[in-house]
Structures are given as C-alpha cells and as structure tokens.
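Encoded as structure tokens, the structure appears first; notes follow it.
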Amino acid sequence: MRTPIIAGNWKMNKTIEEGLDLVEAIKGHTLNEKVEVVLCVPFTDIKPIKESIEGTAIKLGAQNMHWEDAGAYTGEISPPMLKELGVDYVILGHSERRQYFNESDEDVNKKMKSAINHGIRPIICVGESLEEREGQREKEVVKAQIIKGFEGIDSKDIEKTVIAYEPIWAIGTGKTASAEDANDMIAFIRDTIGELYGDLKDKIRIQYGGSVKPNNISELMNQSDIDGALVGGASLNADDFVKLINY
Ligand code: PGA
C-alpha cells in the first residue's frame with residue numbers, strides 16, 4: 001500500500017505572518033491520518049513554519065534548491081542549508097522553474113541526486129504543454145522527462161522519491177485533466193519507472209497536480225494509480241486545503 005501524499009505548493013505566496021496564520025488555521029482541524037501532508041513553503045518561511053508544525057504530523061518542503069553544497073551562486077540555496085532547517089521534501093523541476101528559469105532535465109537530474117545524497121526527498125515534476133498534448137506527444141514528452149530526471153538514480157532510492165504529474169495547461173487555469181486522463185498518464189509514468197526499476201514501480205508514489213480543488217479531489221484519489229496531489233491555489237486557503245486532506 002502506498003501512503004497518499006498531499007502537498008501544498010505555496011509558490012511565491014505568504015509572508016511569515018501570513019504563513020503562520022494559515023498553518024494555525026490548518027492545525028485547528030482534525031486531519032486524515034492516513035494521508036502524509038507536506039507544506040512546500042518559500043525559503044523565508046521555512047524556519048518559522050517548521051517551529052509551528054513541531055509536534056504535528058505535517059512535513060515541510062522547499063520549492064527548489066541548487067545541487068551544489070556551497071559556492072559562488074548568488075541568490076541560490078543549498079541542500080545543507082535546507083537540511084539544517086529540517087526540510088523533508090523539495091519540489092524539483094516544477095514547470096514554472098522549467099519555463100521561467102530555464103531549468104533543464106539535466107539540472108533536475110543533478111538536483112535529484114543531490115537531494116537524495118542529503119536525505120531530502122525529491123518531488124520531481126513532469127508534464128506536457130497544451131501544444132504537446134494537442135500534438136499527441138504528451139507521453140513521449142513525459143517519458144523523456146522521467147528518463148532524463150532519473151538517470152543515475154539508484155534503485156535503493158526510488159521509494160524515497162515522489163513524482164508529480166502536472167500537465168502545464170492545467171496549472172492555475174482551473175482546467176483539470178479528467179480523473180481518467182490523469183490516471184492514464186500516471187499509470188504510464190509508473191510503467192516507465194517499471195522499465196527502469198522493475199517492481200519498484202509499485203512502491204513509488206505519483207501525484208497529480210493542476211487545479212486540484214475540493215470538488216475534484218475525491219474523484220482523482222479514487223483512481224487506481226493516483227497517490228496524491230500537488231496543490232497550488234487551493235493550498236493557500238486553510239478550509240480548502242483541509243478538505244483536500246480529508247477527501
Ligand atoms: P494549481 O498549481 O493547483 O494552482 O493549479 C499546482 C502546481 O503548480 O503545483
């Protein structure tokens with residue numbers, strides 16, 4: 001059995017004060033204990049949010065990191081810096097990073113290896129653009145992202161990684177892939193992991209992301225291969241996020 005994982009991706013939202021208010025509101029609810037809950041917060045929020053979730057089952061994630069431990073990389077944050085703050089997860093290769101900051105599959109792969117080496121669990125994002133889907137190239141694109149992202153990753157580390165399938169056209173647009181289409185792609189991703197790692201494909205958790213809301217979460221979570229959600233907009237509101245966790 002794969003433990004469902006629902007992760008909030010706050011993106012570039014929430015000052016410390018706003019973030020603490022949100023976490024306080026989430027903590028005021030009873031949360032589904034069968035779900036692993038992760039908050040992926042801006043770097044500046046990590047320390048105070050970590051303190052505020054102390055003693056709860058909520059885990060902490062970052063949204064990006066550099067692959068080097070230290071060096072002349074102005075504006076970047078290293079894995080040891082995140083580790084020191086008690087970060088459990090890091091989102092890698094989010095489409096916004098690929099699109100606006102030119103992150104390549106090679107960068108994502110270096111970050112994957114570095115995260116694993118530092119004991120931080122990667123949530124690696126993959127997904128096709130609208131143009132690629134309309135050209136029926138979505139599987140080819142996603143498969144290439146998986147193969148390049150996982151290059152050189154040891155099979156012993158597969159269980160520690162999470163994949164988020166996020167069709168770019170569904171992110172922040174209010175358009176969701178149908179639960180069946182999302183499941184079909186996620187099953188395809190699982191098969192791709194099977195080609196690389198055999199039976200470990202049944203251990204790796206694969207989330208869906210892209211306009212996940214309280215009104216579509218249960219249908220998504222009822223699918224055979226969808227193990228959770230990576231949530232942007234709906235994770236910024238406590239009531240909505242709690243509804244997702246308690247789907
Ligand atoms: P969304 O974002 O839920 O606002 O569509 C998802 C994501 O980008 O991870």
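Throughout, numbering of the chain's residues begins at 1 and tracks the sequence. Counting starts at 1 for both ligands and their atoms, in listed order. Below, each value reflects all heavy atoms present in this structure, side chains not excepted, and no hydrogens, waters or symmetry copies.
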> Can you tell me which residue and heavy atom of the protein come closest to atom 3 (O) of ligand 1, and the distance to 0.1 Å?
Replying inline: Gly232 N, 2.8 Å

>> Taking 4.0 Å as the limit for heavy-atom contacts, which would you say applies to Ala170 with ligand 1: side chain only, backbone only, both, or neither?
In response: backbone

> When rounded to the nearest 0.5 angstrom, what distance separates CZ in Phe241 from CD1 in Ile26?
Replying inline: 5.5 Å

>> Is a donor from one side chain sitting under 3.5 angstrom from an acceptor on the other, for Tyr89 and Glu36?
In response: yes

>> If I apply the N/O under 3.5 Å rule, does Ser211 come out as touching ligand 1?
In response: yes

> Does Tyr73 have any ring pair (Phe, Tyr, Trp, His ring centres under 6.0 Å) partners at least two apart in sequence or in another chain, and if so, which?
Replying inline: His66

> Going by atom types alone, do Asn109 and Lys113 pair a side-chain donor with an acceptor below 3.5 Å?
Replying inline: yes

> Within the side chain of Arg2, is there an N or O that forms a donor-acceptor pair under 3.5 Å with the backbone of Asp227?
Replying inline: no

> Which ligand 1 atoms, with their elements, are less than 4.0 angstrom from a heavy-atom of Asn9?
Replying inline: 9 (O)

>> Let me confirm one number: the CD1-CG distance from Ile226 to Asn183, rounded to the nearest 0.5 Å.
In response: 5.0 Å

>> Which residue and atom name correspond to the protein heavy atom nearest atom 9 (O) of ligand 1, and how close is it?
In response: Glu166 OE2, 2.6 Å

> By number and element, which atoms of ligand 1 are closer than 4.0 Å to a non-hydrogen atom of Gly210?
Replying inline: 5 (O)

>> Distance under 4.0 Å to a non-hydrogen atom of Lys11: what atoms of ligand 1 satisfy this?
In response: 2 (O), 7 (C), 8 (O)

> If you draw the axis of the six-membered ring of Trp67, does the NZ or CZ of Lys110 fall within 45° of it and under 6.0 Å from the ring centre?
Replying inline: yes

> Numbering the atoms of ligand 1 from 1, which are under 4.0 Å from a heavy atom of Gly172?
Replying inline: 1 (P), 4 (O), 5 (O)

>> Under the rule for side chain to side chain donor-acceptor pair (under 3.5 Å), what residues qualify as partners of Glu195, not counting sequence neighbours?
In response: Lys143

>> Any nitrogen or oxygen of Ala234 lying under 3.5 Å from a nitrogen or oxygen in ligand 1? Just yes or no.
In response: no

> To the nearest 0.1 Å, how far is atom 4 (O) of ligand 1 from its closest protein heavy atom, and which atom is that?
Replying inline: Gly233 N, 2.8 Å

> Short list, please: which atoms of ligand 1 are under 4.0 Å from a heavy atom of His94?
Replying inline: 7 (C), 8 (O), 9 (O)

